Structure formats: C-alpha cells, structure tokens
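Predicted, not measured: the structure shown is a model, and the values here were computed from it. When reading the values below, keep in mind they use all heavy atoms of this one structure, side chains included, and skip hydrogens, waters and symmetry mates. Positions are given from 1, in the same order as the sequence printed here.
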Amino acid sequence: MTVTARPVRTRRRLRQFVELPYRLHGREAAFVPPLREDCRRLLDRRRNPFFAYGDVELFTVVVAGRVVGRIAAVHNPRHNAAHQTRDGFFGQFECVDDQAVAGALLDAAARWAGERGLTTLLGPVNFTMNDECGLLVDGFDTPPSVLMPYNPPYYRELLEGCGLIKAKDLWTWHRGSHPLDDRLRRLAEHVQRRHRLSVRPLDLGDFAAELGRIRGVYNEVWEHNWGFTPMTDAEFAALGGRLRQVIDPSLVLLAEVAGEAVGVAVVLPDVNQALPAARGRLTRCGLPIGLARLAWAARRIDRTRAVLFGVVERLRGRGVEALLYARAFEALRARGPIDCELGWTLEDNRAVNQYLMADGCVRSKTYRIYRREL
C-alpha cells in the first residue's frame, strides 16, 4: 500500500491534525497535554503573528480513515534574511511508529520547501526558534517544562531513518534548591555597586512597556546566536499575553542603568505540572471545569524554568550576568525549596555551560535540531 501525505484542506482534517498527539500520547506518563485552544491559535493565520511574514502548509497521512501522522512545512523569510540562508523548516511532527508514514511526511515537507527555492530542511521547529523547538533525544524520565516540547523515544529513529542528521543540540539543566555560593553572592554585590545598577522585579501595572524593554534586551542579546531571528513587536506581545497569567513578577527581573534596561532574567513557574489536570480544555459543556482543575493543581507547583538570562553587549563579561543570576535565585529561594530547569542552551556555548556546571547544575535533557539537504 502506498502511503501519501496530503495537505490539510478541511475543518475536519484540521481537527484531526490538532487531536493526533492526544490520541497517540494520552496514556504516556511524561506527556503534558497542551490546551487545545493554544494549539489552534498557533495554526490560525489570523491570530498567530508569524503569518504576517511567514508561510506554513499542514500535511497529514490517513490510513483506513484515521490520521496516523502529521507535519507542518514552514517558510520563514526573516530567518533566511538574517542568516543569509535558504532554510526551510518542519514542525508539528507527530507520527505512529511506522517508518513509511514518517517518510511520507518528511518527503511532503521537503517537496513543499524545495518548490519555494529552499535548499535545507531544519526541525522540528514550531514555527521559529523562539517557539518550541527540538526533538527530545535524552531525558525521557521527567515531563517537559513550560514552553518545551514532548515526544516519545521512537521519534528519533523515525527521523534518522528518513536520512535526517544532527544540526545542533539544545541542552536543559537542572538546578536544585541549594544556596548560592558565597563568592557569587559577593561578586553580585560588587558588580551592582561598581556599575551603579538597579535590579527590580517586573511591574505588571506597566506590562506593555515592560514587554518592550524585555524584547529590546532579548533581541540584542541573542542577535548572533545560531538560528536566532529577532521577534517582532506583535510576536512578543502575543507571547507576553500567553504568559501573563502564569508570570510571578518577583521572578522576572530587569537590570537597569539610569532607567535603561541592560539585562533581563525570566523564571517561570512550571505550569506544565498543572496542565494535565485541565485535560487539554479550559471549558467543558460551557462550564469552566478545566480552568477550575488547572487553578487547583497550580497550587502545588514546585518547579520553575529559567527561560532567559541576558545582558546587552556593552556590559557583557563584566559580572552583570552573575548579578542577575544571583538575584533571580535569591528570589526563587525566598519562595521555598523549589527546583529549577534552566535553558535551553546551545551545546557549543562553552561559557554559559561551564558557568552552570560551576553552580552545581546538571544536564537534564537534550533536544536536537535535525537537518536534511534538499
């Protein structure tokens, strides 16, 4: 039997596209069911700011009337302009354990990218490197943290069986609730005095302006990183809107000099601990049942994820990173014994990785970006 991936053209097929991971992984202990509304928003050309400049085609494989695999082919012109490349991307990959189905999906994405003059296929990426990205290849013993993806172990064999090879590994790190080293604490105090820095928590009452300050630092800090494309105002506003309900302002810190933001630390409560309680929906039969379950489960969150630590270039390497790191974990420790996942970090970012190891952090998960020449 010939297995073929076909574009998603109907509402029914789009519903099946969204439902596939719940059907495939619903009984797996490490699977964190995302909210279906968030999944639909990502794919909605009217609500996802990515579609202001990028394009996506969704494909599914159907066998005996059932969707058994899905993929998104992605064209990101801003990425290619920033890096002077002709890369295409794939994301939203979900598949039964069948090499023929996986091959049909990857071939469909490759053809679509090739028709647009793209020469390389990278992924999984949903839909930019600022979103969930990477295939989990190590660290299956615990569920993913907030804003990190999940997949079962056999996905690696499927992708590599389709001829994809490693492009880059992304690492996450585990930090227990151990106290900061006294030397780091003293360094932080010295740096704050020397550079006349102030470090303050996020002001939720001025949220839109605060997002602008964080975005300015974020885009400058990561400008030269592998695969990075600066976020647009609309993309950052959309991300901020999603996270506003889960942000703890005491764990989002801005370092400033004379009122100008020069560094940012963002640590998020790991809402993925609570999400399974909602079972993918905030409402059922018009009632906020999932929302109530989520709110109740959120009371027991005892993990966090450090999403972002960054300092503008002119102050980099002067200890400001240590100051932000110290202040963030002092704020975290004040909440009680809470573990933290940090990252991701690029596998070849020696300076950052060595810094984390020196503080007692241990690598916890590896996410891989694959590539395929077209």
Run the salt bridge (charged side-chain N to carboxylate O under 4.0 Å, His left out) check on E220 and R314 step by step: do they pass? CA-CA 11 Å; E220 179 179 342; R314 72 176 188 273; 5.6 Å; no
Working note: N151 + F140, criterion side-chain contact (heavy atoms from CB on, under 4.5 Å); need CA distance, chi angles, decisive distance, verdict. CA-CA 9 Å; N151 59 266; F140 294 94; 4.1 Å; yes
Please step through ring-ring contact (aromatic ring centres under 6.0 Å, His included) for the pair F89 and H75, ending with a clear verdict. CA-CA 6 Å; F89 293 89; H75 182 202; 9.4 Å; no
Go through the steps for V262 and V217 under the test side-chain contact (heavy atoms from CB on, under 4.5 Å), then give the verdict. CA-CA 6 Å; V262 296; V217 174; over 6 Å; no
Begin from the C-alpha positions of Y218 and N130 and carry the test side-chain contact (heavy atoms from CB on, under 4.5 Å) through to its verdict. CA-CA 11 Å; Y218 176 73; N130 298 304; 2.6 Å; yes
Please determine whether side-chain contact (heavy atoms from CB on, under 4.5 Å) holds for the pair L324 and V264, giving the CA-CA distance in whole Å, both sets of side-chain angles, and the decisive distance to 0.1 Å. CA-CA 7 Å; L324 275 170; V264 172; 5.6 Å; no
Run the salt bridge (charged side-chain N to carboxylate O under 4.0 Å, His left out) check on R215 and D233 step by step: do they pass? CA-CA 8 Å; R215 174 179 171 265; D233 289 343; 2.5 Å; yes
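Side chain to side chain, K365 and T142 meet the donor-acceptor criterion of an N or O pair below 3.5 Å. A donor-acceptor pair shorter than 3.5 Å cannot be found between the side chains of T304 and D270. For Q273 and D302, the side-chain atoms include at least one donor-acceptor pair closer than 3.5 Å. T128 and T229 share no side-chain donor-acceptor pair at under 3.5 Å. Side-chain contact check for W173 and S364: no donor-acceptor pair (N or O, by modelled atom type) lies under 3.5 Å.
Between G280 and Y22, the shortest heavy-atom distance links the atoms CA-CE2, 4.3 Å. Minimum heavy-atom separation, V271 to V246: CG2-CG1, 4.0 Å. When all heavy atoms of R303 and I301 are compared, the pair lying nearest together is O-CG2, 3.4 Å. Minimum interatomic distance between P249 and I247 (heavy atoms only, all atoms of both residues): CD-O, 3.6 Å. Of all the heavy atoms in A109 and I71, the pair that sits closest is CB-CD1, 4.1 Å. In terms of heavy atoms, V267 sits closest to C340 at CG1-SG, 4.5 Å.
Looking only at side-chain heavy atoms (C-beta outward), E347 and L170 stay at 4.5 Å or farther from each other. In this structure the side chain of V252 never reaches within 4.5 angstrom of the side chain of L308, judged on heavy atoms. For the pair M129/F228, no side-chain contact is recorded, criterion being any heavy-atom separation below 4.5 Å from C-beta on. Within the 4.5 Å cutoff, no side-chain heavy atoms of V68 are placed close to those of D98. Residues F309 and V221 are not in side-chain contact: their nearest non-hydrogen atoms beyond the backbone lie 4.5 Å or more apart. L356 has its side chain out of reach of D359: every pair of non-hydrogen atoms, C-beta onward, lies at least 4.5 Å apart. Side-chain contact check for L43 versus F17: some heavy-atom pair is nearer than 4.5 Å. Looking at heavy atoms from C-beta onward, Y53 lies out of side-chain contact with H79 at the 4.5 angstrom threshold.
A side-chain contact (heavy atoms from CB on, under 4.5 Å) with V32 is found for exactly one of P144, S145, P149, namely P144. Exactly one of R9, R70, R45 qualifies for a salt bridge (charged side-chain N to carboxylate O under 4.0 Å, His left out) with E57. That residue is R9. In summary, of the residues considered (R281, R242, R47), a salt bridge (charged side-chain N to carboxylate O under 4.0 Å, His left out) with E37 occurs for R47 alone.
When atom types are taken as modelled, the side chain of R368 and the backbone of G134 share no donor-acceptor pair closer than 3.5 angstrom. Under a 3.5 Å cut-off, the side chain of E235 and the backbone N or O of T232 do form a donor-acceptor pair. Side chain of Y155 to main chain of C95: a donor-acceptor pair is present (N/O by atom type, distance under 3.5 Å, no hydrogens or angles). A donor-acceptor pair is defined here as one N or O able to donate and one able to accept, closer than 3.5 Å; no such pair exists between the side chain of R293 and the backbone of P276. Checked by atom type and distance alone, the side chain of T172 never pairs as donor or acceptor with a backbone atom of G343 at under 3.5 Å. Although no hydrogens or angles enter the test, the distance criterion places a donor-acceptor pair under 3.5 Å between the side chain of N80 and the main chain of D87. Using modelled atom types, one side-chain atom of D131 and one backbone atom of F127 make a donor-acceptor pair closer than 3.5 Å.
Using a 4.0 Å cut-off between a side-chain N of Lys or Arg and a carboxylate O of Asp or Glu, D339 and R175 do not qualify as a salt bridge. A salt bridge does not link D138 with R156: every distance from a Lys NZ or Arg NE/NH1/NH2 to an Asp or Glu carboxylate oxygen is 4.0 Å or more. A salt bridge does not link R41 to D44: none of the charged side-chain nitrogens sits closer than 4.0 Å to a carboxylate oxygen. With salt bridges taken as basic N to acidic carboxylate O contacts below 4.0 Å, none links R13 and E19. One finds no salt bridge joining E94 and R23 here, because no Lys/Arg side-chain nitrogen approaches an Asp/Glu carboxylate oxygen to under 4.0 Å. The residues R213 and E210 are annotated as salt-bridged, a charged nitrogen and a carboxylate oxygen being separated by less than 4.0 angstrom. Under the 4.0 Å criterion applied to side-chain N and carboxylate O atoms, E256 and R200 are assigned as salt-bridge partners.
Cation-pi check for R46 over F51 is not met; the charged atom does not lie both under 6.0 angstrom from the ring centroid and within 45 degrees of its normal.
Under the 30°/60° scheme for interplanar angles, the aromatic rings of F93 and F90 are found to stand perpendicular.
Interatomic distance, CG of N272 versus OH of Y150, reported as 13.0 Å (0.5 Å rounding). Note that the CG atom of L202 and the CZ atom of F207 stand 6.5 Å from one another [nearest 0.5 Å]. Here the CG-CG distance, from L243 to L147, works out to 5.5 Å after rounding to the nearest 0.5 Å. With rounding to the nearest 0.5 Å, the separation of OG1 in T120 from CD in E373 is 4.0 Å. Here CD of Q16 is found 7.0 Å from OG1 of T10. Values are rounded to the nearest 0.5 Å. To the nearest 0.5 Å, the span separating CD1 on I338 from CG on L332 amounts to 5.0 Å.
Judged as a ring pair (Phe, Tyr, Trp, His ring centres under 6.0 Å), the pairs with a partner in residues 345-374 (not counting sequence neighbours) are, in order, Y325-Y355.
The environment of R279 atom CZ is sparse: at most 12 non-hydrogen atoms of other residues, nucleotides or ligands sit within 6.0 angstrom. In this structure, E28 places its CD atom where more than 12 heavy-atom neighbours from other residues, nucleotides or ligands lie under 6.0 Å away. Within 6.0 Å of the CZ atom in R116, the count of heavy atoms belonging to other residues, nucleotides or ligands exceeds 12.
Residues passing the salt bridge (Lys or Arg N to Asp or Glu O under 4.0 Å) test with R299: none are found, sequence neighbours excluded.
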